[in-house]
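Single-structure report; data block below.
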Amino acid sequence: MSDIERTTTQLPEPSAPAWEYAPAPESKEIVRLRDRYDLFVDGRSIEPKTGRYFETIDPAHEEPLAEVAEAGEEDVDLAARAAREAWETRWRDLPGKERAKYLYRIARALQERSREFAVLESMNNGKPIKESRDVDVPLAAAHFFYYAGWADKLEYAFPGRSPRPLGVAAQITPWNFPLLMCAWKLAPALATGNTAILKPASTTPLTALLLAEVMEQAELPPGVVNVITGPGGKTGGWLAAHPDIAKIAFTGSTEIGKVLRRNVAGTGKRLTLELGGKAANIIFEDAPIDQAIEGIVNGIFFNQGEVCCAGSRLFVQESVADVVVDKLKSRLSTLRVGDPLDKNTDVGAINNRDQLEKIAELVQSGIEEGAEIFQPECVLPERGFWFRPTLFTNVSQSHRIAREEIFGPVLSILTFRTPDEAVEKANNTEYGLSAGIWTDKGSRILWMAERMKAGVVWANTFNRFDPASPFGGYKESGFGREGGRHGLEPYLDLDGGAV
Ligand code: NAD
Ligand code: MN
């Protein structure tokens, strides 16, 4: 017997690995919260004509953070006039290279103030600081840098056409990536010579309002960007309906997307919709399994699964299903759920109570319809909105958890035998935003990608974003593209100058 063998046999049975970390809280000091936030219209803060304010909270502690103005119809009208006037007198005819300078300034200010933005985003949204710090904020800055580069090159982006801006864009954003969605919308709008009115989601207005400060810091001409806050059905509805709006860019639920499409019909307003999803993440037997496990975890637990392109349906080839499910269960048990401001946190708080209830209701339906639930043991904080990372096996295609968007940390696992069956099952959904393919074979990646009815297909990775790469959906996931050269088009009349 060698020395090594002797020592190993003397060791106690390996117990479950411990994944304890000392607390590593990010300080909140850098954020200077105001008690009250007014509307940002025509380059300055104005009190809402409604006189009303609503509370915005920290979903991890259910503590109020600040009061935020509720914009009424009159306020929407003021913002629309300011944006219209700014477009006609200060922005439309500014040379592209001058517009670019403002965009570069905004991008640099975002970088300089990145920690402030990251901490505030995690406080108001509940997402882990490591995600807001490493993903949301750097990507937001990258979008401004990227579109700054296009501002003076539009005629090269569309050779032989005469690109002209549309006018005032109404930009309505969701609560899952509050700052990043503002950047996705503002950067291409400004680069192309449009002015904007931003309406952030009512549960996460704070980083959009901080972005308004950055607009002042960049000395953007007044009225080019306006930020109005308030409830979706009222403030958002009035904004979308305002006659001075030339274009609506919306990210949010399919339900509201349909409402907007109906309301816009016949008005001549341009519309792009980025809606929900139920993405397939497909694991073939020849995939690098450990990497795939990380990709699956990133696909569905990144941002608590509150991601429109989340890999919420996992399709595993039958021959490797057992090993994938076993490894996933063990990996789930290592996820640290808790304080969003702790640098070690993997899964933070759900953004709002309604969303938490929606997740719980859908998970309950999974249990009732006969799927088998697995949740790791973990201690959840007493206050705040929390949901354990969850996976379901024995899922069939007809189950609600396999069809409906849950928008939470819940994975439904199904199996397949052949590539054809994988294609058939993956495309069997009303949505079509994204898909993931895990295989060692390049030819199979191309074969699959061609057949996926999804706007974005990731190969041996998931949830990767780049400002140069267009993003958007098919079917009930919406239409129009954000990012890349494609992302300029929705903000331009391409034959505006043609005779
Ligand atoms: P939502 O569609 O109601 O809200 C999105 C944005 O639209 C918010 O700014 C909201 O204030 C605004 N809005 C709401 N009603 C409006 C109206 N009638 N006219 C104009 N604007 C309006 O989404 P939600 O209620 O926050 O979330 C519900 C579901 O939507 C979630 O469970 C999730 O499935 C989905 N969702 C998807 C995304 C995405 O990125 N695709 C983002 C957020 C939510
Ligand atoms: Mn809603």
Side-chain angles (χ1 to χ4, degrees), residues 54 56 59 68 70-71 73 76 124-127 136 170-182 184-185 197-208 227-242 245 248-264 269 271-279 302-310 312 350-363 385 387 400-401 403-410 430-434 455-456 463 465 471-480 482:
F54 62 96
T56 186
V68 177
E70 185 181 323
E73 228 173 333
V76 170
N124 203 191
N125 167 278
K127 66 175 69 199
D136 299 59
Q171 313 201 296
I172 303 175
T173 55
W175 45 258
N176 54 343
F177 292 93
L179 173 72
L180 183 59
M181 289 303 105
C182 292
W184 279 28
K185 298 207 161 9
I197 303 171
L198 200 60
K199 211 296 281 171
S202 45
T203 58
T204 53
L206 294 181
T207 47
V227 182
I228 60 170
T229 44
K234 291 171 160 184
T235 312
W238 289 319
L239 176 61
H242 197 284
I245 300 299
I248 301 170
F250 173 82
T251 300
S253 62
T254 297
E255 179 200 346
I256 302 298
K258 288 179 179 175
V259 170
L260 288 173
R261 185 148 201 198
R262 274 196 296 275
N263 294 349
V264 158
K269 288 177 189 171
L271 177 69
T272 41
L273 299 174
E274 301 278 359
L275 310 175
K278 192 72 186 174
F302 170 65
N303 207 42
Q304 298 70 246
E306 296 165 337
V307 183
C308 46
C309 53
S312 53
I350 301 302
N351 178 252
N352 55 75
R353 186 181 294 283
D354 285 353
Q355 188 59 30
L356 181 62
E357 282 168 7
K358 181 183 162 184
I359 297 168
E361 193 269 323
L362 273 157
V363 163
F385 311 134
F387 205 86
R400 284 181 64 202
I401 55 168
R403 297 195 332 263
E404 295 178 32
E405 183 180 49
I406 299 175
F407 224 64
V410 183
E430 283 153 22
Y431 294 109
L433 193 51
S434 66
V456 180
N463 273 342
F465 304 95
F471 182 91
Y474 277 66
K475 304 194 277 185
E476 295 216 347
S477 292
F479 52 82
E482 291 184 311

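As the structure lists them, so they are numbered: ligands from 1, and atoms in each ligand from 1. None of the values given here were measured: they were computed from a predicted structure.
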Tell me which part of [X] gets within contact of ligand 1: side chain, backbone, both or neither, using heavy atoms under 4.0 Å.
X: K358; value: side chain
X: L239; value: neither
X: T235; value: neither
X: M181; value: neither
X: F177; value: neither

Based purely on interatomic distance, does [X] place a nitrogen or oxygen under 3.5 Å from a nitrogen or oxygen of ligand 1?
X: E405; result: yes
X: I256; result: no
X: S202; result: no

Closer than 4.0 Å to some heavy atom of [X] - which atoms of ligand 1 meet that?
X: W175; value: 24 (P), 26 (O), 27 (O)
X: Q355; value: 31 (C), 32 (O)
X: P174; value: 42 (C), 43 (C)
X: L275; value: 39 (C), 41 (N)

Would you check whether A240 reaches within less than 4.0 Å of ligand 1, judged by its heavy atoms?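 A240: no contact with ligand 1 (<4.0 Å).
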Answer with yes or no whether F250 contacts ligand 1, where contact means a heavy atom under 4.0 Å from a ligand atom.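 Flag set, F250 near ligand 1.
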Are a donor atom and an acceptor atom from the side chains of N124 and T207 found within less than 3.5 Å of each other?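 Absent: no donor and acceptor within the cut-off.
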What I'd like to find out is whether the side chain of N125 reaches to under 4.5 Å of the side chain of N303, using heavy atoms alone.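 Answer yes - side chains close enough.
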Heavy-atom proximity to atom 20 (C) of ligand 1, best of P231, G236, S477: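 Looking at heavy atoms only, the winner is G236.
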